[in-house]
Number of protein chains: 2
Amino acid sequence: MPNNQQATLKIIAERAHVSVTTVSRVLSGDAEKCRISKKTEDVVRRIAKELHYEPNQLARALRLKQTYTIGIIIPDISNPFFSSIARCVEIESRKAGYSVMICDSQENTEIEKESIKILGMRKIDGMIICPVGKEWKHIYEFTKLNIPIVTVDRYFPELNVPYVVSENYDGSMQAVNYFIENGHRRIAFIQGLTDSSVNNDRLRGYKDALQMHNLPLNESLIVGDNFGEQSGYIGTKILLNGPERPTAIFAVSNLISLGAMRAISEEQLTIPDDISIIAFDDQPYFNYLCTPMTTVGQRKEEIGQISIKLLLNEINSDDISDNKRITVSTELIVRKSVKRLTASLSEAY
Amino acid sequence: MPNNQQATLKIIAERAHVSVTTVSRVLSGDAEKCRISKKTEDVVRRIAKELHYEPNQLARALRLKQTYTIGIIIPDISNPFFSSIARCVEIESRKAGYSVMICDSQENTEIEKESIKILGMRKIDGMIICPVGKEWKHIYEFTKLNIPIVTVDRYFPELNVPYVVSENYDGSMQAVNYFIENGHRRIAFIQGLTDSSVNNDRLRGYKDALQMHNLPLNESLIVGDNFGEQSGYIGTKILLNGPERPTAIFAVSNLISLGAMRAISEEQLTIPDDISIIAFDDQPYFNYLCTPMTTVGQRKEEIGQISIKLLLNEINSDDISDNKRITVSTELIVRKSVKRLTASLSEAY
DNA sequence: TTGAAAGCGCTAACAG
DNA sequence: CTGTTAGCGCTTTCAA
């Protein structure tokens, strides 16, 4: 490599004594179509190879007005729920010839707004976003640019944007019903980010399940305000020291359940003898916990697959087909963290 | 928004009846320097705002030969070790005005090569890579392009590239010493990707610790060949059913330890009564396992911070300073997964 | 079968 | 204080 300079069409053209156009045609596989002589084609190819030519995608994108780049914005890359989705999206994207720019919104609407703006300036062809979930105006503004977008895990009823989410309502019901079947009456709900659609739907499932069984709704058993470990810890502390200690806790995210466990063990209580718990979103390690955790499993791979498929569809076709609101089923994974209360005890309430 | 067309300098220039240059100068903050009249400046700014102008970073990058984009290649986005690093890198990058393209090499050298090529074509300003670790020629080729690169978690002695890694050798020693202090003699090692630097260093630590204590090295106690859960499971199965069942297992990654636990519980054994275990790389949930896991903790945040700092340094300065090989200390986190063997038993070996 | 020329949106050297 | 011009590397229309 005598020359550190990157090869360009121009350089190849000069060496091959042909025009830039010809080189471009050969190298983008249009030799056939433009009926370029086998001989020139060979020469061009040889020189391109010698020079290790790689097309400059920037220039290409500028000209084509297509970057073959998508953006993904998630609230916490290190949360295994989101990283599983991101992984899936990246792998499928590459297969389709796209690269992905990743942004961590840190569950913060301002950072989310900034990320959207940045991705816009970088002219992504489409965007997958797990929105923080409190505001949607900025997303609405973005849709005006006619850049395809699909929201994942959370959605906005106000917004006409394709989305894919778990069946949060049903999943929540499954969990609460299971508690009730096992004799629990005082069931707490440690929620995630209030007002986000995930949380709303799960909360609704919780409330409806209680109601279906004619159980009273006790607002003091609903605690927490975001999906993090901290919030789970604090919420549990409050519950355990409150006037009406619950017999069961429904933790609405994997991180929340970790915080709950921390608080529970700090209070010298054991699962499920002293308190039962179910977590939303299964994780590989839940099987190996002190008490294997009963969870509501989400099909993360499917969620990732569907979201990128939807997005690529939007990008590559103008079909205004419907059915762009997809929900993915959940599954109650029964392990050992829920205690069966005896009838007498359960009636005692 | 009467017009769906994105605003450009040209459009603004026309409306403001000035040249594109002037608009460019105003909007990139060079108004002062170029002594543009307050009046024109105001007009330009007003129109830009009206039209919601956002610079096209593609065009900018093409012209400037700088994309303000970095690439990150990791073997598994969903592995919390890597996703913690990725998160850190993304957050710090953005603070510095950079965006990040993410690639998952799936612990596969071919995909890694492809990813590097793709990132090259996209003209990233720098790259952070946790290489698969078996081959380095392709990375060497990339360095010839004079695009800064830093390797993380794994390095190549052959390569003169900045890197940041945990003190794998010491961490491994800490773990094995701890086993030995507790009376263990038959200590197995479930390794990760053979020939990767991480694995080499940890293996060396293991061997040296044994030797320091005059313990024999038993090759049949070294199993496994990659960092995944599967490998941990299989390795453990083999160990537990082998002729000389170990009393202790050192699992060299968080995923391996998960697989080990699966095998152990399948064999109806309990930790630490039947078998002791230490995992490399601490995770939040290790505290809540059936038997809280003793681990070798890595400072993931620091690793992420340092790597991006190193990279930005390389990008923004031509200083050929040294000290670009940084190792980050590890810490033995003692919990409950190692049993203290009685002297009599331990001597029995 | 090939090439000239224009242009994607931006910056910067140079000239007034 | 402002504008002209050239060019980053690529694709594509039009013409030969």
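End-to-end axis angle for the helix from C/dT1-D/dA16 to C/dG16-D/dC1, using five pairs per end and rounding to 10°, comes out at 50°.
The side-chain contact (heavy atoms from CB on, under 4.5 Å) check on B/K39 picks up B/S37, with sequence neighbours excluded. Listed by chain and residue number, A/C88, A/E92 satisfy the side-chain contact (heavy atoms from CB on, under 4.5 Å) test with A/Q305 (two or more places apart in sequence, or in another chain).
Within residues 59-68 of chain B, the residues approaching DNA chain D are B/L62, B/R63, B/K65, by heavy-atom distance under 4.0 Å. Contacts between residues 113-127 of chain B and DNA chain C, defined by a heavy-atom separation below 4.0 Å, involve no residue at all.
A/Y163 is not listed as a side-chain neighbour of A/I326, based on a closest heavy-atom distance of 4.5 Å or more.
Shown are B/L310, B/I303, B/I72; of these, the side chain to side chain contact (heavy atoms under 4.5 Å, CB included) with B/V152 is made only by B/I303.
The side chain of A/T22 places an N or O atom within less than 4.0 Å of a non-bridging phosphate oxygen (OP1 or OP2) of C/dG3. Between B/S24 and C/dT11, a side-chain N or O to OP1/OP2 separation shorter than 4.0 Å is present. When the side-chain nitrogen and oxygen atoms of A/T21 are compared with OP1 and OP2 of C/dG3, none of them lie within a distance under 4.0 Å. Contact annotation: B/T40 does not reach the phosphate of D/dC1 (side-chain N/O to OP1 or OP2, under 4.0 Å).
Sequence neighbours left out, the pairs with a member in residues 80-119 of chain B that pass ring-ring contact (aromatic ring centres under 6.0 Å, His included) are B/Y68-B/Y98.
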| message | side chain to side chain contact (heavy atoms under 4.5 Å, CB included), that's the test. Do B/I36 and B/R25 meet it? Break it down for me. | response | CA-CA 8 Å; B/I36 288 175; B/R25 294 208 252 245; 3.7 Å; yes
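Within 4.0 Å of A/L9, counting heavy atoms only, lies at least one base atom of the nucleic acid. When heavy atoms are screened at a 4.0 angstrom cut-off, A/V18 is found touching the sugar-phosphate backbone but no base atom.
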